[in-house]
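These notes are about the structure you will find just below.
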Amino acid sequence: MNYDPKTTELKWQKIWEDDRAFEASCDHSKKKYYPLIEFPYPSGSGLHVGHPRSNTALDIIARKRRMEGYNVLYPIGWDAFGLPTENYAIKTGIHPKKVTEQNINRFRAQLKRLGFSFDWSREVNTSDPAYYKWTQWIFLKLFERGLAYKAEIPINFCISCKVGLANEEVVDGVCERCGSEVIRKVKSQWMLKITEYAQRLIDDLDNVDFIEKVKVQQRNWIGRSEGAEVDFKIFNSDLAIRVYTTRPDTMFGATYMVIAPEHPILNKLQDSILNMAEVEAYRQEAAKMSDFERSELVKEKTGIELKGVKAVNPATGMPIPVWVSNYVLMGYGTGAIMAVPGHDERDWEFAKKFNLPIVEVVKGGDVLQAAFVDTASGMMVNSGFLDGMDVKEAIPAMIDWLEGKGIGKRKVNFKLRDWVFSRQRYWGEPIPLIHCEKCGWVPVPESELPLELPDISDFMPSDDGSSPLARAEDWVKTVCPKCGGAATRETDTMPNWAGSSWYFLRYTDPHNQNELASKEALDYWMPVDWYNGGMEHTTLHLLYSRFWHKFLYDIGVVSTPEPYMKRTSHGMILGENSEKMSKSRGNVINPDDFVDELGADSFRLYEMFIGAFDQPIPWSTQGARGCRRFLDRVWRLREMLTGEKGIRPDMMSEVHGTIKKVSEDYERMKFNTAIAAMMSLVNAFYNKGDVTADELHTLLVLLYPVAPHIAEEMNELIKNPVPLYRTPWPTWDESALVKSLIELGVQVNGKVRGRIEVSSGLDNKSIEEAALGCEEVLPYIEGKTVKKVIIARNIVNIVISG
RNA sequence: GCGGGUGUGGUGGAACGGCAUACACAACGGACUUAAAAUCCGUCGGGGAAACCUUGCGAGUUCGAAUCUCGCCACCCGCACCA
């Protein structure tokens, strides 16, 4: 009988399901393990070959942990709100709810076909009112604590689609959908104060086991810097411009100031500015530009001096000019800088262009030729009381001096900005707030949650960029929960990052009607033990969810400050031409076709064998066929069974070596070498010509996490009464790994010249004799003086002179 | 520009500082077939008579370097006027 994946795979999927083999137990006395993959966004194009790479990896871990005796929660769900579904609805007129349902059904079927050991009884769906009730609840808690606030900020607006776009939808400065210009439009938006958690989001990275790459990227994104805020007085005025600087020590070299075009002091100074018309023109020019255009103009700096206005350098007491330039950003620091052209490349470039004075304050370069910026340490000059100090002493000395005078203070700044939480879209969680003329923003009472999305039929955003919900007048008009007067609902919805910021909590207790999850379930299951996902989520989902989790920790909902103990990341699977897979490139591999032809086990096996798990890798259908070939070879081992029992002595070392290698490599995510080791074991059986039932059983147990269907089927065929999903993970016997004879390479001056075979316990002196007597080595050492012989674990090196 | 990663056969890739190229893919040869596919067995870095050369390039440390150090080069991924 040949191996037939179609019937075998369905057969075992049904057995596992009927036996509820992978459902997490509510028995909290057992040790637990919680592996997690990023729940998929059920897009219209179906499962991508990238999903199974992550899913299979943690499926291997989940199955292995069950065999090791853990109570395992390996859940699955749907990140179901989002723009592509809504855009599809606009195009076709089909309700996003309907589209989502269809897509989920397709995804579910595809995932089930691949035989992942998910606990399907705990499936969650972020667009289900029973779920988003709690997303809204968390938002209200944030609102209660002042962490959600409304602000006027610019959003991306497509002039052709007349729609507000999320940042993700702006590609190279144009609208992703229609390719036309995206401008900035100031709108009132709900914001979340993630910046309040910036320091903790950095600090707590020290307490989690994330791959270094992720930690580094999060730290850079949060962008902490230490420095000082200092007030620069306006000459002949009560006004001052506050700047932020990380290098207060260089203040004696500040020969001018620059403020951002949006800086509010321009309005206050307008009567003193002699060239206000010109300044206003520059300002308007800057305002018209998109962020993209602004950053495109990096090469050529522009700016304009405020004529009639001078600021006073507090260090030197000298008046210095004030310029406006868009190389200073309103969104970082104070929107104003002191310019030190001698020691900052941007300031230097600007000073050169506009002929501003350049002063050296740290010795070591030639500031007339280039900015001298390599100043981690160095001697201060031209700097009054700082002269002669090292930069390292000068920084605190200057801050002390500023604080003493009351014109400056220490300040930590972050690049991280608050999270823009509003979308003018239909297919998202309604923001549960009501606006009352009298009472302001009032939360929807908890008892009225979930605030459900009204059923509408026109999802097209309005011309003015407001949400389609704004047209659902019956829904919008409501009464104020506080005063009972007429009021209106917020019509913006939440971004799709909302539902994914806490879904891993819901898995612990997905059907709870009274809480987002019970405290007992949370305390037992959290934190997630191992979370694998894409690098592209490092600065969005991963950061957002850590923020929400910390907030929930602060209000006592969860008991751990961090949601995830361990975070790993898989490399992307590229097309056969080594380019990113995409419809437009025509190099997309459809998992369904593959599974039809070669089966789910081959697919899983290949995705794990393809290469190092954390590296991007091109797909090769030929290579994948090789994996099916391997499974066929395993299948035929049944025909080679001897009547013998146990593991034969001459196979002990090979079999136990494989148990060790596979066990260790699975944990290190070195799936490719684990599979290679199993291939070698199979080759060894073939070379021997036969295999015992126990030897084969060991192989099947090791193979089961990667290729569970074929492993279970063969296990049954060799009359093993216990299915593999109930079999304990094997241990290896270190003493079995020791071979009686070992082969040593023999080097002469580091080059391999021969090899010897010795018994494993042999003393060094005898090994040395054997090596010196080795026939292939003799010609190299004849007539030479042997200086010494180095004996290492598996090599002997003879060092000769001359 | 800054940060991170990668560089090994025709290809994907192995290799605690210790016999470079495991395991596969492709290719080639053989067996079995009327034939093909499948399967099984074998060859497979370069150079060749040997010597020898070979882990992007160049130095260094070491008895010994793909691996460690320094300096370059190329490609990939983030971030980017962050004061």
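The sequence lines fix the lettering, A, B, ..., with proteins before strands; numbering per chain opens at 1. Just the heavy atoms: all of them, side chains too, but no hydrogens, waters or symmetry mates, feed the values below. Computed from a prediction, not measured in an experiment: that's the story for all the values here.
OP1 and OP2 of B:G78 both lie 4.0 Å or more from every side-chain N or O belonging to A:Gln217. Neither OP1 nor OP2 of B:A83 sits under 4.0 Å from any side-chain N or O of A:Tyr327. Applying the 4.0 Å criterion to OP1 and OP2 of B:A65, one finds that A:Lys751 has every side-chain N and O outside that range. Distances shown here put a side-chain N or O of A:Arg753 below 4.0 Å from the OP1 or OP2 atom of B:C52. Using a 4.0 Å cut-off, no side-chain N or O of A:Arg629 falls inside it from OP1 or OP2 of B:A38. Distances shown here put every side-chain N or O of A:Arg628 at or beyond 4.0 Å from the OP1 or OP2 atom of B:A38. Taking only side-chain nitrogens and oxygens, A:Arg625 never comes nearer than 4.0 Å to OP1 or OP2 of B:A26.
A donor-acceptor pair shorter than 3.5 Å cannot be found between the side chains of A:Arg625 and A:Ser602. For the residue pair A:Asp690 and A:Thr642, no side-chain donor N or O sits within less than 3.5 Å of a side-chain acceptor on the partner.
Look at A:Lys353 and A:Glu349 and you find no salt bridge, because none of the NZ, NE, NH1 or NH2 atoms lies under 4.0 Å from a carboxylate O. Salt bridge status for A:Arg224 with A:Glu226: present, with a side-chain N to carboxylate O gap under 4.0 Å. Using a 4.0 Å cut-off between a side-chain N of Lys or Arg and a carboxylate O of Asp or Glu, A:Arg567 and A:Glu38 qualify as a salt bridge. Between A:Glu776 and A:Arg755 no salt bridge is recorded (no basic side-chain N to carboxylate O distance below 4.0 Å).
Between A:Asp231 and A:Ala240, the shortest heavy-atom distance links the atoms CB-CB, 4.2 Å.
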How does protein reach along nucleotides 11-22 of chain B, written 5' to 3' as B (base within reach of a heavy atom under 4.0 Å), S (only sugar-phosphate), or - (no contact)?
-BSSSB-BBS-B
So which protein nitrogen or oxygen atoms get under 3.5 Å of nucleotides 66-69 of chain B's nitrogens or oxygens?
none

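Closest contact between the side chain of A:Tyr332 and the listed nucleotides B:A83, B:C41, B:C81 involves B:A83.
Rounded to whole Å, the C1' atom of B:C32 lies 11 Å from the corresponding atom of B:C41. Straight-line distance between the P atoms of B:A36 and B:G45: roughly 28 Å, to the nearest whole Å. Taking atom C1' in both B:A20 and B:U8, one finds a spacing of 8 Å when rounded to whole Å. Taking atom C1' in both B:U11 and B:G60, one finds a spacing of 34 Å when rounded to whole Å.
Shown here are the salt bridge (charged side-chain N to carboxylate O under 4.0 Å, His left out) partners of A:Glu775, two or more places apart in sequence or in another chain: there are none.
Glycosidic conformation of B:G9: syn, with the torsion inside 90° of 0.
Between A:Asp632 and the choices A:Arg636, A:Arg628, A:Arg629, the salt bridge (charged side-chain N to carboxylate O under 4.0 Å, His left out) rule is met once, by A:Arg628.
The base of B:C63 is not paired with the side chain of A:Lys787 by any donor and acceptor separated by under 3.5 Å.
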